[in-house]
Amino acid sequence: WHSLYLESDLGVVTGFGEAPAGADKVRAELEGKVAEENVTNGFYLFTWWDVPSGSLAEVTAFRINGQWMPTTRWEFRH
């Protein structure tokens, strides 16, 4: 989590990492909101804006060969 403004408790949560071989999409969740992003050159990046301090995002699945494959929940606090 990164603060956007000194006077605010809102900030940005980013998540990134290497995807499994063959993955073309990644799915992540933050406070009940689900987002899907492309995997590019084997890596993914998520950004959530205007979220409260202490928010956690989790990668929940990768799409590999057209099938969504659940993951062990990887948490990130970047």
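Here, residue 1 is the first one in the sequence, and each next residue gets the next number. Model, not experiment: these values are computed from the prediction. Only heavy atoms go into these numbers, but all of them, side chains included; no hydrogens, no water, no symmetry mates.
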Which heavy atom of [X] sits nearest to which heavy atom of [Y], and what is that distance?
X     : Y     : answer
Val13 : Ala57 : CG1-CB, 4.1 Å
Leu45 : Phe16 : CD1-CB, 4.0 Å
Ser8  : Ser3  : O-OG, 4.1 Å
Thr14 : Thr47 : CG2-OG1, 3.9 Å
Glu37 : Phe46 : CG-CE2, 3.3 Å

Steps toward salt bridge (charged side-chain N to carboxylate O under 4.0 Å, His left out) verdict (Lys25, Glu36): CA-CA 7 Å; Lys25 287 212 172 263; Glu36 294 177 2; 5.4 Å; no

Close side-chain approach of [X] to [Y], heavy-atom, < 4.5 Å:
X     : Y     : answer
Tyr44 : Val59 : yes
Val51 : Leu30 : yes
Trp48 : Glu31 : no
Trp49 : Leu4  : yes
Met69 : Pro20 : no
Pro52 : Asp9  : no

Heavy-atom donor-acceptor pair, Thr71 side chain to Phe62 backbone, under 3.5 Å: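 No: the side chain of Thr71 does not pair with the backbone of Phe62.
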
Spatial distance of atom OG (Ser55) from atom NZ (Lys33) [nearest 0.5 Å]: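 Ser55 OG to Lys33 NZ: 9.0 Å, rounded to 0.5 Å.
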
